[in-house]
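Notes follow the structure.
Below, read A as the first sequence line, B as the second, and so on, with proteins coming before strands; counting in each chain starts at 1.
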Amino acid sequence: MNTLTKSEAPISSTQQPRPVLEVVEVTIRYGEKPAINKVSLSIPQHRITAIIGPSGCGKSTLLRAFNRMNDFIPNVKMEGQILYMGSDIYVREVDPVEVRRRIGMVFQKPNPFPKSIFQNVAWGPSINGFTRNLEARVEQSLRRAALWEEVNDRLHESALALSGGQQQRLCIARALAMEPDVILMDEPCSALDPVSTARIEDLMFELKERYTIVIVTHNMQQAARVSNLTAFLENGSLVEFGETDQVFTRPRNKRTEEYVTGRFG
Amino acid sequence: MPQASTAKSLQAGASTRKYRTREELIRFVLFLCAFLSVLTTLSIIAILAWEAYSFFREVGVFDFLAGTRWTPLLEPRSFGVLPLVAGTLQIVVGASLIAIPVGLASAIYLAEFASSQVRRVLKPVLEILAGIPTVVYGYFALTFVTPLIAGIFPSTQIFNAASASIVVGIMVLPMTASLCDDALRAVPESLRQGAFALGATQFEVTLRVVLPAALSGVMASFVLAASRAIGETMAVTLAAGATPRMTLDPLQSIQTMTAYIVQVSLGDTPVGTVEYQTIFAVAALLFTITLGMNIIAQRVLARFREVYE
Ligand SMILES: Nc1ncnc2c1ncn2[C@@H]1O[C@H](COP(=O)(O)OP(=O)(O)OP(=O)(O)O)[C@@H](O)[C@H]1O
Ligand SMILES: [Mg+2]
């Protein structure tokens, strides 16, 4: 696994799967008030980590920090470090474009390009110069996103003709085609019906064999069903972070308990 | 008793009736305005058609459309309109060569690269530039652009197509840029975010997602720019000259369809003569070309829309 800079920090060996992303004392502000306040946590490889918390607590802000999507929002200031494979992705030498090639993202609302299904999936690889075996790569990505069977006979039709759930799986396939290490998902099912949601949850189970997944969700059941670890944020602070089982059944913090049992507010 | 009182309140009182009459009146006035504007347009087309018809009783349609000599006011008279069409085309092509690439590039800069502060200043400036009276451009061409060209190419005539093309290009540039900018900004932010998240650079996002998604709007602005250049009158009358001529040399004097219409309208050609009716024939042709362009453009746009929306 190559890293982003030459000045490579030694990867600390832990007992658990090694951390792919480490958040160290991160504070993020839009203007003055911190949206994320001194948060530290580490995301292990080939696991699904869920980030939960009430609306406005900073989940999306934290998630976007992982692949430097906050760079596009004016007046965002960040303190602290985010390490990917041990190296800080916010130092000057790191190209944010390179970070985003390794750490893909799926958004809340499906946002396929107004192009054909094939072109959508091929888009990432082709701008990055992978033009050989593009067909094979597109097929593989669509298969991994559990969409191939539904679209293989109409690859060259517009992606916008797909249903919402299919579009979201197409966006997942589009992210997979880049062969990223990490996939960030910001409420990927919130615009979908229960059947599509179930399909995407099944898909996440399969994907974690190869990828590290971080998912933001408002849906407690979803977090409990799909994730291995759960982080609970409130008002920009990390209240609790641990194995999902433990967070949901034996939460250490009173606030966490109130939130996961729905007695929140 | 509640039912009875409800029924009563629903009956129209005197004041309600007055209010209804006023509504009707307003509706009628508005209808009249709409009707008048349609009627005006239709009567202009009718007059154009009638006068053109009178013209074509004297001059053959084929002689008019395919003739390469336009000397309706001089003996021996000849009514071949192609030199005027060629002159117009030269201006349109020349102006488009400037307005389309520069306008698109400015729009891309404005929509995708400029900070919001820069944008806040530049966008209104574009709109102000679009409002400069066209006669100003004509003088600008004569007094500034032509001497500049003549400095480089000594064979340049005082009135020439190049100078007029350049100022017409500059004239339609703000409109082109502003319309392209609108089209680019209409592309949802979520598409840009999606592309950035795939490790695309700003350039890749612009050229390979935003621009294709905005293509129909961008093409529409190009067509509008071209049709404004076709209809442009003042600058070409002042700067391009009054010499109907089939030439590819942009340094020579030419005449456009619009400039010819101005020339005859301002001259002392007697009303009702064939010479006078030429302007209606030329105007009818101008109208047909513009109409045809708009129809073609709409077809093209409809096709793009099918693919992209
Ligand atoms: N672009 C922005 N400019 C200014 N403030 C912002 C911006 N985006 C988010 N914020 C603020 O930062 C805080 C955290 O927002 P964030 O979107 O991360 O919350 P969230 O937990 O994802 O909420 P939700 O569950 O509603 O999506 C909120 O108080 C929000 O108002
Ligand atoms: Mg959010």
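Neither the backbone nor the side chain of A/P74 comes within contact range of chain B; no heavy atom of the residue lies under 4.5 Å from a heavy atom of that chain. Both the backbone and the side chain of A/R174 come within less than 4.5 Å of a heavy atom in chain B. Contact annotation for A/F113: both backbone and side-chain heavy atoms come within less than 4.5 Å of a heavy atom of chain B. Heavy atoms of B/Q193 lying under 4.5 Å from chain A belong to its backbone as well as its side chain. With a 4.5 angstrom heavy-atom cutoff, A/I103 touches chain B only via backbone atoms.
When atom types are taken as modelled, the side chain of A/N111 and the backbone of B/L191 share no donor-acceptor pair closer than 3.5 angstrom. Checking side-chain atoms of A/R101 against main-chain N and O of B/G199 turns up a donor-acceptor pair under 3.5 Å.
Remark: B/L30 CG is packed, more than 12 non-hydrogen atoms of other residues, nucleotides or ligands lying under 6.0 Å away. Within 6.0 Å of the CZ atom in A/F72, the count of heavy atoms belonging to other residues, nucleotides or ligands exceeds 12. The 12-atom threshold is exceeded at CG of B/N294, counting heavy atoms of other residues, nucleotides or ligands nearer than 6.0 Å. Other residues, nucleotides and ligands contribute over 12 non-hydrogen atoms within 6.0 Å of the OH atom of A/Y30. B/F113 CZ: more than 12 foreign heavy atoms inside a 6.0 Å radius. Few gaps surround CG on A/D153; more than 12 heavy atoms of other groups in view lie less than 6.0 Å from it. With a 6.0 Å radius and a threshold of 12 heavy atoms from other residues, nucleotides or ligands, A/R154 has its CZ atom above the threshold.
Contacts with chain B were tallied for A/E157, A/M105, A/M69; A/M69 has the most, counting heavy-atom pairs under 4.5 Å.
The side-chain heavy atoms of B/L198 and A/R100, taken from C-beta on, include no pair separated by under 4.5 Å. For the pair A/K109 and B/S190, the minimum side-chain heavy-atom distance is 4.5 Å or more. Side-chain contact check for B/F196 versus A/V97: every heavy-atom pair is 4.5 Å or farther apart.
Closest non-hydrogen pair, A/W123 versus B/A195, comes out as CH2-CB, 3.7 Å.
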